[in-house]
Amino acid sequence: MDGEKAVVRIVGPRRIGKTEVVSTYARETTTPILCVTIQQVPRDLGSGPIVLAILEREIAALILTGSKLGKTLGRTDQSKIKDETKREAKAELSIPGGFGSLSAKLEKTRTTDAASARQADAEIAAALHRLELAAMATNTRPIVFFDEIQELLVNDETGMPTVWAIRNEAQHHTACRYVFAGSNQRLFAKLQAGRQAPLLNWGSELTMLPLTISEIDAWAVPLFKKGGRHVSSVSAATELLAGKIGEVVEVCTKLWIDSKKGDVLDENVQREAVKAVAKQQATLGRTTSELTSIQMKVLRWIVMNPGISPYTKPAKATLELNDGTVATALTTLVNKELIESYGPNRFVAATPLNVYASINPQLWDKS
């Protein structure tokens, strides 16, 4: 983040702490941050207008802070619209998959519906340019954080021009700093691999791997001991959580709440905490109910053996399936976003606790 042209690409599984790393850096360094978080883009909506609406919302919020950067940016925006005929359009973009809706109030010379994809992309570039000018004028280095940017490519890569518009503008910036994060490595690779990839060779790549048991213990055990709990490791509580800090925190919080000073947090207590938290999770409904028996078998094995190749001898002995059948099942499970890969033949449940709640496995019964 200290470079003249600071660009970082972060790749790692979901709920592993990518967003928290960026947010913590901004908070601890008192750096203005604009978070453009992309959810799944509906097929009937273009990527450009959605990204533009989120970016403008973040800029408006920055202006309202009253900071030096915000005030300068506010004057820039006022100058921009001085000679325009103002129109007000309210856009509520429904996001599928239970993510709710995105509301944005736009003051533009066009409505959201009328904006072409090309026009929206041009306005994204213009908004980033205004932000860069304001940052240079105030000697400020804000962070523009495009989180889960690979979601723009879900619908047949129609979002690629939007990413190119961002790249073509931001590559000249020296005041604004940029972070691009993605959890779907298959889609994110399309953004940074190949001659047509907009993020190719741009900035630094940071790969965030799942936490190891020893890393989790180094953080959690001292906290439990400080609170008077007797525990030497939380491996029993976290071994099936695929090293995802979001899941680990939920289970450790359950362990803390349900115990008191002097309690021994042994293996059985820890595993009961995992089961209890899993029961509180929302199920994945049709996503799992439509799986074949073979796909379910492979999913159960991944859940119980996170990060271990399903092509090893022990895995083959348990699954009793040939490599081709396993590969086909894995492809389906990845496409349904039930599992994700973070290396050659290394798979984990995308959201372990939700998967547990949906397939109701006998936890720790690997038979």
Side-chain angles (χ1 to χ4, degrees), residues 1-39 51 54-77 124-125 127-151 163 166-167 169-183 188 191-192 198-199 201-212 215-216 218-220 222-223 243-246 248-249 252:
M1 292 271 85
D2 294 334
E4 180 181 351
K5 292 185 178 181
V7 177
V8 178
R9 293 167 281 120
I10 306 178
V11 184
R14 276 177 280 189
R15 300 207 74 188
I16 203 172
K18 299 185 298 296
T19 303
E20 186 60 25
V21 163
V22 181
S23 300
T24 300
Y25 174 83
R27 186 167 58 250
E28 292 183 352
T29 57
T30 343
T31 300
I33 182 170
L34 294 84
C35 295
V36 183
T37 302
I38 315 296
Q39 301 286 9
V51 173
I54 302 172
L55 180 59
E56 289 189 326
R57 181 190 64 191
E58 289 293 302
I59 289 175
L62 180 58
I63 292 172
L64 289 175
T65 63
S67 65
K68 199 173 183 181
L69 175 62
K71 289 177 180 177
T72 302
L73 195 55
R75 288 194 295 270
T76 304
D77 269 19
I124 291 170
L128 294 176
H129 184 68
R130 293 196 304 277
L131 179 62
E132 172 72 2
L133 292 177
M136 292 174 66
T138 56
N139 196 28
T140 308
R141 301 205 68 192
I143 295 171
V144 185
F145 180 26
F146 290 95
D147 199 4
E148 299 295 358
I149 193 169
Q150 82 285 337
E151 290 298 323
V163 185
I166 295 168
R167 164 69 190 262
E169 172 58 37
Q171 66 184 349
H172 305 293
H173 294 186
T174 57
C176 292
R177 295 176 286 180
Y178 290 86
V179 178
F180 300 88
S183 57
F188 199 87
L191 293 173
Q192 58 179 1
L199 304 186
N201 297 328
W202 192 28
S204 305
E205 180 178 276
L206 174 64
T207 300
M208 291 185 63
L209 298 174
L211 294 172
T212 63
E215 287 171 333
I216 296 171
W219 160 71
L223 295 176
K244 301 194 173 196
I245 190 64
V248 169
V249 167
C252 285

Under a 3.5 Å distance rule, please check whether [X] uses its side chain to pair with a backbone N or O of [Y] as donor and acceptor.
X: Glu132; Y: Ala170; answer: no
X: Thr24; Y: Val22; answer: no
X: Lys18; Y: Gly12; answer: yes
X: Arg177; Y: Arg141; answer: yes
X: Arg9; Y: Val179; answer: no
X: Thr65; Y: Leu62; answer: yes
X: Arg167; Y: Pro198; answer: yes
X: Glu58; Y: Cys35; answer: yes

Taking the side chain as everything from C-beta on, heavy atoms only, tell me whether [X] gets closer than 4.5 Å to [Y].
X: Ile166; Y: Phe180; result: yes
X: Ile16; Y: Ile245; result: no
X: Trp219; Y: Val249; result: yes
X: Ile33; Y: Val144; result: no

Test of understanding: with side chain to side chain contact (heavy atoms under 4.5 Å, CB included), list the residues that count as partners of [X], not counting sequence neighbours.
X: Ala125; result: Glu169
X: Ala135; result: Leu69, Pro142, Ala175, Cys176
X: Leu133; result: His129
X: Arg14; result: Glu148, Ser183, Lys244, Glu337, Glu340, Ala350

Walk me through whether Asp147 and Ile149 qualify under side-chain contact (heavy atoms from CB on, under 4.5 Å).
CA-CA 5 Å; Asp147 199 4; Ile149 193 169; over 6 Å; no
Are a donor atom and an acceptor atom from the side chains of Glu205 and Gln192 found within less than 3.5 Å of each other?
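Result is yes, a qualifying pair exists.
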Please, which pairs that meet salt bridge (Lys or Arg N to Asp or Glu O under 4.0 Å) have at least one residue in residues 23-34, sequence neighbours excluded?
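Every pair satisfying salt bridge (Lys or Arg N to Asp or Glu O under 4.0 Å) with a residue in residues 23-34: Glu20-Arg27.
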Taking only residues two or more places apart in sequence, or in another chain, which ones meet [X] in a side chain to side chain donor-acceptor pair (under 3.5 Å)?
X: Thr37; value: none
X: Ser204; value: none
X: Ser23; value: none
X: Arg15; value: Glu247, Glu250

Shortest non-hydrogen contact from [X] toward [Y]:
X: Thr140; Y: Pro32; value: CG2-CG, 4.0 Å
X: Leu211; Y: Glu215; value: CA-OE1, 3.3 Å
X: Leu73; Y: Ile59; value: CD2-CG2, 3.5 Å

Only one of Leu128, Ile143, Leu199 forms a side-chain contact (heavy atoms from CB on, under 4.5 Å) with Tyr178, so which one is it?
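Exactly one pass, corresponding to Leu128.
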Set of ring pair (Phe, Tyr, Trp, His ring centres under 6.0 Å) partners for Phe188, sequence neighbours left out
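For Phe188, no residue satisfies ring pair (Phe, Tyr, Trp, His ring centres under 6.0 Å) once neighbours in sequence are set aside.
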Which residues pass the ring pair (Phe, Tyr, Trp, His ring centres under 6.0 Å) test with Phe145, not counting sequence neighbours?
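Result, ring pair (Phe, Tyr, Trp, His ring centres under 6.0 Å) vs Phe145: none returned.
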Evaluate Phe146 against Val163 for side-chain contact (heavy atoms from CB on, under 4.5 Å), listing each step before the verdict.
CA-CA 10 Å; Phe146 290 95; Val163 185; over 6 Å; no
Measure the spacing between CD1 of Ile63 and NZ of Lys71 and express it to the nearest 0.5 Å.
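So the gap between those two atoms works out to 13.0 Å.
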Other residues, nucleotides, ligands: >12 heavy atoms within 6.0 Å of Met1 CE
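Result for CE/Met1: enclosed.
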